[in-house]
Amino acid sequence: MSASPTEAETDGRAPAAPAFFPSAAARVPQAVWALVLLAPALALLATLFVYPLLLSLKSSVSDASGALTIANFQTVLDRYGGDIVYTGAISVAAVIVTDLLAIAIAGYLTLGEHPTAVAVLRWLYRWPLFIPFIVAGQAMRSFLAKNGLMNNTFVGLGLVTPAHTVGLLDWRGVTITFVWKQLPFVALILAGAMASLDRSMIESARNLGARRPRVLVGIVLPQVVGPLVVASVLTFVTLQSVLSVPLMINAGSPSMITVDMAYRITSLNDYGAANALGVISYLMTVVFSWLYLRKGVRDEEQRR
Amino acid sequence: MNGRLISLLTGVALLALPGVPAQADTVLNVFTAGDQNMVDYINDYLGPKFEAANPGVRVRAVGTGPGDAGSLKIFEKLDAESKAGAATWDIDVAVVHQRGAAQMLDDKLLSNYRDQIATGDLVSSEMADNALGTNVTGYVMPMFNSQVALAYNPDVVNDPPKSYSDLVKWVAAHPKQFGYNGVKGGMSGVGFVMGWVAAMTGDGDKLDKGPYDPGEKTKIEQALSEMKPFNANVTFTPGNAGTLDMLNRGEIAMGPVWVDMFYTWVGDGKLNPDLKLQLIGPGMPGQPMYYVIPAKAASPDLARKFVALATSPEVQAEGIVKRFNWYPGIDADKVKAKLDPATWQKLFTDVTPQDLATKAKPFPLSQYFTDILDAYERVAN
């Protein structure tokens, strides 16, 4: 895995020594070309991310006349403190459940011994990946309702009586939809990582009598923690930005802050408070992104 | 390399050709806030009618989304074009909510056109002059009027409540059987809450007509804090459509809905036709949508012609009442003459003209509206 010192020094950049000595004509184009190659990406980053980010930060600490204030944050913490906690909690819960199920699926794809079952699972598990959140939200809202498809099926099968059915159109519905939607994404990354492992370790463990769950937890999982963390971070960040699912499934209060942001803008034309919520959302994702970056840096250090 | 580039560009140009109209059509851009049915109304009904009467004109309908958010997007576009100093603006006709119209007028983005169209004197109702406390006389023509009312399932509810105080008792006796969508899930819930405040404060007239009194906030908060035990016994529904869905599946027995949406869903076979409507006292709010013409519309003459057609008694009868189950925007007696009695009666089966006359209220003034939404979040949950 690790590269030799010589490769690491030259990896990804031009040899440093000759650049100081050749003629000016040869030196300038290289710098220019590097900038030209980077320019589109940098321009996109600056106009579509950095600039709006700064605007949103500014708006969150400005009042209607543009003067500096923390009133927006006071409003937001006063009204939506519960929603902020709820948003964090529901996203973390969804990430944990998604990870556990993804480990189970990817683990079976890697260690399963029944070829047909593996093939069917491999074919099936990816489908939700192609369904947009809004469609998933709409489908789940008639599926999970008190007299929805799921409960009607249970009643039809004689498992419950109509009087005892429970609607899941609340935090449970949102979590279920998030997990259903993100599971294939995490499972895909994990299954890929597991497939590239050296199988000889798995086989030695099996030969020594370890059961498959033991192999999964003791041998396979520790080697794919990196990709799992990355997939979890990306899932958390994605869930932070979903508006349609909580809007369609989670009626009433508390709700996720995306719903509050939309409400502040559409009903009250209050961009200040909406942006304050946005900043809080950034802060939540920053914690997870920090994990992601730290992981990246460590990988880089290990490679050297 | 150059040769390939040229052939590529030629290919792209050829592909683009079918999109170019055969003759230089004038395009009339009609932006509409509201649900998809608003865009359908223009694309399927009004647009073709106008194009047939005006050869060489193409009507392009653009939907900007439901609720005040949709109107806000139109406002933001006009505002941006105005601030950029554009000579003409991209929107010829817009269909907006009351708050949107008031906001656009405050920022001088609209043209005063009602006196210049033939149908301008066919509307005499208060809503053509007053949008949540802003005087909009001359700047708007009502497209239609809609109303929030309680829908209920007569199999479960024998004796529906007649007033908000009846409803409070009913909800206490039938926990979780009443459902509404709060204030973040669409305007039927917002309307229900506005009606609640008018009923519990007893200040309906003051809230609707003004003048604005900041001291009213205390009474509003008091009325909404009384809603807290009520909310504990209701089912929250996900959106306007969510209330109808849950009624239809029998998960709730009663809830506030838009009358036009109710009839449209029944007509489309999406809703149990046995469900009934009840407009409760002292009143529930309704609102019109307005046709407005931006101050710098690119084709102002065509825009006025378009609005004149849209507010003619024939179109109001056939399009607004018969096809889309809305209450007419222009005066009802002008429209009634153009419809068969059966169609007219269908519109008033559950909610009678007397109900509408006594219990159909406007939404409160903008400032009260905001105060009520604000207080709801703080004290009602």
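Every chain is numbered from 1, with letters handed out A, B, ... down the list of sequences. No hydrogens, no waters, no symmetry mates; every other heavy atom, side chains included, goes into these values.
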B:Met246 side chain near A:Asn147 side chain, heavy-atom distance below 4.5 Å: no

Minimum side-chain heavy-atom gap A:Arg141-B:Asp245 below 4.5 Å: yes

Which atoms of A:Ser255 approach chain B - backbone, side chain, both or neither, heavy atom under 4.5 Å: neither

Euclidean distance, A:Leu268 CG relative to B:Arg99 CZ, rounded to 0.5 Å: 6.5 Å

Polar side chain donor-acceptor pair, A:Tyr263 to B:Glu377, under 3.5 angstrom: no

Flag if over 12 foreign heavy atoms under 6.0 Å of CD1, A:Ile134: no

Per-residue contact mode, A:Asp83 against chain B (heavy atom under 4.5 angstrom): side chain

Where B:Leu72 and A:Thr266 come nearest, the two heavy atoms and their spacing: CD2-CA, 4.5 Å

For chain B, the option from A:Gly167, A:Ala145, A:Pro246, A:Ser142 that forms the most heavy-atom pairs under 4.5 Å: A:Ala145

B:Leu373, part contacting chain A, at a heavy-atom distance under 4.5 Å: both

A:Leu38, CG: over 12 other non-hydrogen atoms inside 6.0 angstrom: yes

Any side-chain heavy-atom pair of B:Thr237 and A:Leu169 under 4.5 Å: no

From CG (A:Asn269) to CD (B:Glu76), nearest 0.5 Å: 6.5 Å

Heavy-atom contact with chain A under 4.5 Å, split by part of B:Val183: both

Heavy-atom side-chain contact between B:Thr235 and A:Lys146 under 4.5 Å: no

Within-4.5 Å side-chain heavy-atom neighbours: A:Ser267 and B:Lys184: no

Closest non-hydrogen atom pair, A:Gly148 against B:Glu251: N-OE2, 3.9 Å

Cationic N near anionic O, under 4.0 Å, A:Asp78 to B:Arg378: no

Heavy atoms of other groups near A:Trp171 CH2, more than 12 under 6.0 Å: no

